[in-house]
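Notes to accompany the following structure.
Start at 1 and go down the list; that is how both ligands and their atoms are numbered.
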Amino acid sequence: MNGYVGFSNFPNQEHRRSIKRGFNFTLMVVGESGLGKSTLINTLFESKVYPTKETEESVGTVRAGVEITSVSADIQENGVKLRLNVVDTPGFGDSINNEDAWRPILENIESRFDAYLAQENRVNRSKIVDNRVNAVLYFIRPTGHGLRAVDIEFMKHLHTRVNLIPVIAKADTLAGREVEGFKARILADINYHGIQIFRPVSDQFDDPETVADNKAIGARIPFAVVGSERVVARADGAAVRGRQYPWGTVEVENEAHNDFVSLRQMLLRTHMEELRDATDVALYEAYRTQKLLALGH
Ligand code: GDP
């Protein structure tokens with residue numbers, strides 16, 4: 001582990017601007033407690049964000065309603081500054097009745113759009129603070145069956161407001177052959193309900209390598225992930241980030257074991273700019289238009 005996150009690997013010169021000014025990225029994590037959200041965030045960002053909870057077993061805490069909390073970290077790499085905001089939503093899906101669990105999260109996402117809109121309308125727009133959510137990592141419980149009502153309701157209500165990235169939590173708890181069937185059922189549910197999720201798309205200007213990379217990443221969606229903040233010894237003695245079992249080691253960064261590497265690649269290395277653009281140009285713009293029409297402008 002070299003403490004390297006990788007967001008500063010900009011694909012082309014267009015992004016010089018980001019290099020000079022630094023940029024914001026706001027990632028929201030949603031899923032019931034105990035699905036490994038904070039562990040995955042720490043794994044993705046090399047423990048630069050969350051205080052570790054690895055030793056606590058947080059499964060089973062039942063809170064009343066959904067809270068929304070946010071932590072920020074300034075990360076610098078290759079001379080590029082990233083202000084990373086991670087928004088957590090503890091309590092989501094933990095109640096007996098989760099019918100409306102999506103509502104406070106949608107309200108939070110929309111209130112961030114409203115705050116941005118209010119700043120755009122000011123005379124002096126030089127210091128706009130952009131706290132819009134650029135992506136939601138939605139954690140699916142590793143049941144092996146398909147999406148549950150709480151997942152479908154959440155995605156249906158949120159997909160026009162945010163870039164949705166569904167992940168299968170704790171993929172090491174499913175047998176390898178179960179994962180493919182589970183993914184297929186999740187995608188079938190997503191299609192059936194007309195839910196849009198974020199996918200890497202190629203266009204005619206992309207070089208063949210980029211097209212192939214996008215295809216490879218796309219084929220792994222929904223990403224079945226394993227997180228761990230521990231370094232363990234592999235059978236050959238190498239120290240790797242992973243989870244140890246009596247029958248062997250599950251390696252976080254081994255693409256034969258899980259999809260962590262593809263998720264990190266898309267989210268932080270190849271598609272971070274695209275997620276920010278989609279937030280600004282598609283999602284926010286649609287919200288803004290609806291809002292202004294409703295106000296009769
Ligand atoms: P959160 O409540 O969703 O933030 O979950 P935590 O990150 O606190 O993790 C809850 C528990 O699950 C902890 O004991 C973690 O060590 C464990 N855990 C986290 N990620 C994984 C994973 O990928 N696989 C397995 N088997 N356990 C995990």
If you compare all heavy atoms of A233 against all heavy atoms of Q244, which two are closest, and at what distance to 0.1 Å?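 Minimum heavy-atom contact is O-NE2, 2.9 Å.
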Looking only at N/O atoms, are [X] and ligand 1 under 3.5 Å apart anywhere?
X	result
S33	no
V226	no
R243	yes
L35	yes

Do I221 and V211 share a hydrophobic cluster (ILVMFWY, side-chain heavy atoms under 4.5 Å, transitive)? no
Tell me whether L187 shares a hydrophobic cluster with V201, the cluster being built from Ile, Leu, Val, Met, Phe, Trp, Tyr side chains joined at under 4.5 Å.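 L187 does not cluster with V201.
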Measure D172 to ligand 1 on non-hydrogen atoms and call it side chain, backbone, both or neither using the 4.0 Å cut-off. side chain
Could you tell me whether Y245 approaches ligand 1 through its side chain, its backbone, both or neither, with non-hydrogen atoms closer than 4.0 Å?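 For Y245, only side-chain atoms sit under 4.0 Å from ligand 1.
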Evaluating non-hydrogen atoms only, which member of S228, G227, G36 is closest to atom 5 (O) of ligand 1?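 Answer by nearest heavy atom: G36.
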Option nearest atom 18 (N) of ligand 1 (shortest heavy-atom distance, choices E229, E32, K170): K170
Given the ring of F113, does R161 sit roughly above its face, with NZ or CZ under 6.0 Å from the centre of the six-membered ring and within 45° of the axis? no
Does the side chain of R276 come within less than 4.5 Å of F25's, by heavy atoms? yes
Tell me whether the count of non-hydrogen atoms from other residues, nucleotides or ligands lying under 6.0 Å of OH in Y245 goes above 12.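 Result for OH/Y245: enclosed.
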